[in-house]
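First the proteins, then the strands, lettered A, B, ... as listed; each starts at 1.
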There are 2 protein chains.
Amino acid sequence: MPRIPSSDRRALLVQAAIRVIAKRGVAGATTRAIVAEAGMSLASFHYAFRSHSEMMRDVVAYVVGAEVASAYATLKLGSGIRQVLREGLQSYLDYVIADPGHEQVMQELVHYALRTPGLESLAAEQYEAYHSGVMSVLVEGAAVSGVEWSVPVLDVARLVVTVTDGVTLAWLANRDTAAAERVLDFAADSLAALARPVEARTRENAQ
Amino acid sequence: MPRIPSSDRRALLVQAAIRVIAKRGVAGATTRAIVAEAGMSLASFHYAFRSHSEMMRDVVAYVVGAEVASAYATLKLGSGIRQVLREGLQSYLDYVIADPGHEQVMQELVHYALRTPGLESLAAEQYEAYHSGVMSVLVEGAAVSGVEWSVPVLDVARLVVTVTDGVTLAWLANRDTAAAERVLDFAADSLAALARPVEARTRENAQ
DNA sequence: ACTCGTCTGGGACAGTTGACCCACTATGCC
DNA sequence: GGCATAGTGGGTCAACTGTCCCAGACGAGT
């Protein structure tokens with residue numbers, strides 16, 4: 001069997017764990033299922049991690065750091081801010097539909113972190129990452145569309161995350177794509193109302 | 001030990017299970033933990049339920065049927081629809097803050113149902129119950145405020161549920177009450193824009 | 001060629017879990 | 001009182017889990 005360099009083994013196991021969670025849920029992420037997914041032996045697990053919970057901490061930290069904002073980052077340069085918002089939200093929904101397991105894992109990991117002593121802060125960090133990731137997209141989107149936000153961008157980002165979380169959970173439950181898109185229509189309309197055309201002289205009060 | 005009549009035993013165990021889930025999460029809802037919470041013996045469990053998963057099905061069905069809309073039903077008769085919405089959303093948030101475990105259980109059970117073969121439909125039913133419960137509140141709220149909804153009320157209900165779910169998850173993660181309330185401010189504003197004063201003659205196009 | 005530290009395979013362990021079983025007790029009915 | 005039935009207690013089982021251990025294999029440096 002090929003030997004795996006020490007630096008990669010943890011990452012390999014973490015990613016295998018995420019795949020297992022996507023397939024079987026957090027409860028199914030046993031050490032044996034994970035090493036089987038990673039094609040490793042059981043002993044290798046405890047060679048890489050001191051314990052199962054130590055690995056789960058890394059799993060949560062991994063999803064916080066990586067790919068978090070990537071789902072939001074499909075920024076198409078539309079004609080106006082309303083369309084930029086709508087298309088951004090749509091690409092997020094498309095992403096959820098294409099790979100429902102992934103966003104399901106994200107929410108399950110939030111609940112797992114909230115339940116696990118010592119990991120509660122990671123849930124908060126996960127949302128900070130969401131918010132700041134979306135915020136930068138919103139700043140860029142506003143710049144492209146020549147508008148500015150009439151409220152703090154961070155609050156707008158919170159609204160976007162609220163909507164995406166809510167739509168995700170409902171869609172996972174009832175798979176009603178048309179209803180989800182109507183919600184996104186309304187969200188895009190309402191959020192666009194928070195933007196106003198930028199007047200060249202009052203540029204400094206952005207953010 | 002007092003004998004428990006047959007009709008109550010299942011309900012007792014289901015409610016005990018919900019308390020255990022609130023305390024320890026879905027993964028902690030073992031048969032032993034549940035019967036301990038219910039003050040019963042282990043044998044009584046399999047006397048009442050054929051299996052653990054059969055009881056979990058009842059747990060999910062129970063939360064779908066009972067109390068689902070109760071959190072929304074704190075309808076205060078405010079001056080206008082905007083205030084009715086805002087106060088309704090606030091009372092929901094107050095409820096989440098007062099008993100975070102309960103709404104956490106609700107979301108965890110949705111994910112559990114989605115993961116469990118044969119229970120996926122219960123997740124959809126849970127959201128149908130949410131939507132119809134909120135919808136009736138919205139209908140009443142509109143009537144009290146003398147407005148009508150310019151879009152199907154069911155869609156408005158979906159928006160409300162989307163917001164409450166999103167706010168719940170974010171608040172559970174970061175406990176940022178002020179931010180949650182700003183989100184609710186915006187939601188109430190935006191939703192109120194979907195209502196228009198009812199003109200006595202066009203009463204019939206209410207959904 | 002030798003050796004040392006890195007890594008792996010397989011086995012084993014104790015603890016927990018869902019499920020089951022059977023002797024036993026209470027209760028209502030004749 | 002006797003008896004069937006509903007309900008209970010406690011013990012037991014196999015399966016599964018996280019964790020540990022140890023003999024050995026590989027590779028790099030000498």
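In this structure, A:Y47 atom OH and D:dC26 atom C1' are separated by 12 Å, rounded to whole Å. Regarding B:F49, its CZ atom lies at a distance of 19 Å from the P atom of C:dT17, rounded to whole Å. Atom-to-atom, CZ of B:F45 to P of C:dG18 comes out at 8 Å; the value is rounded to the nearest Å. Following rounding to the nearest Å, A:I34 (CD1) and D:dC16 (P) show an atom-to-atom distance of 17 Å. The interatomic distance linking B:L42 (CG) with C:dT16 (P) rounds to 14 Å, in whole Å. Straight-line distance from the CZ atom of B:R24 to the C1' atom of C:dT17: 14 Å, rounded to whole Å. Atom CZ of B:R10 is separated from atom C1' of D:dA6 by 15 Å (rounded to the nearest Å).
For the segment residues 51-60 of chain B, the set of residues with a heavy atom within less than 4.0 Å of an atom of DNA chain C comprises B:S51, B:H52, in numerical order.
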| said: Could you walk me through whether A:R182 and A:D185 satisfy the salt bridge (charged side-chain N to carboxylate O under 4.0 Å, His left out) test, starting with their C-alpha distance in whole Å, then the side-chain angles of each, then the deciding distance to 0.1 Å, before giving a yes or no? | reply: CA-CA 5 Å; A:R182 287 199 298 278; A:D185 282 337; over 6 Å; no
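Taking 4.0 angstrom as the limit, B:R9 places a side-chain polar atom (N or O) nearer than this to OP1 or OP2 of D:dT8. Checking the phosphate oxygens (OP1, OP2) of C:dT17, no side-chain nitrogen or oxygen of B:T31 falls inside 4.0 Å. OP1 or OP2 of C:dA19 has at least one side-chain nitrogen or oxygen of B:H46 nearer than 4.0 Å. Taking only side-chain nitrogens and oxygens, A:S41 comes nearer than 4.0 Å to OP1 or OP2 of C:dG9. Between A:S44 and C:dT8, a side-chain N or O to OP1/OP2 separation shorter than 4.0 Å is present.
With hydrogens and angles ignored, the 3.5 Å screen pairs a side-chain donor or acceptor of A:S136 with a backbone N or O of A:G133.
At a threshold of 4.0 angstrom between heavy atoms, the contacts of B:T30 are confined to the sugar-phosphate backbone, with no base atom among them.
The aromatic rings of A:F45 and A:F49 sit tilted, their planes meeting at an angle between 30° and 60°. Under the 30°/60° scheme for interplanar angles, the aromatic rings of B:Y92 and B:Y95 are found to be tilted.
Mapping B:M40 and A:R50 onto DNA chain D by nearest heavy atom places B:M40 at the nucleotide closer to the 5' end.
Closest approach to the A:R32 side chain among D:dC21, C:dA19, D:dT19 is made by D:dT19 (side chain taken as heavy atoms from C-beta onward).
Salt bridge absent: A:R86 and A:E181 never bring a charged side-chain N and a carboxylate O closer than 4.0 Å.
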What pairs of donor and acceptor atoms, side-chain ones from residues 29-43 of chain B against any protein atom, are under 3.5 angstrom apart with sequence neighbours left out?
{"residue": "B:T30", "atom": "OG1", "partner": "B:A33", "partner atom": "N", "Å": "3.1"}
{"residue": "B:E37", "atom": "OE1", "partner": "B:K23", "partner atom": "NZ", "Å": "2.9"}
{"residue": "B:E37", "atom": "OE2", "partner": "B:R19", "partner atom": "NE", "Å": "2.6"}
{"residue": "B:S41", "atom": "OG", "partner": "B:A43", "partner atom": "N", "Å": "3.2"}

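In the model, B:E108 has no side-chain atom that pairs as donor or acceptor with a side-chain atom of B:Y112 under 3.5 Å.
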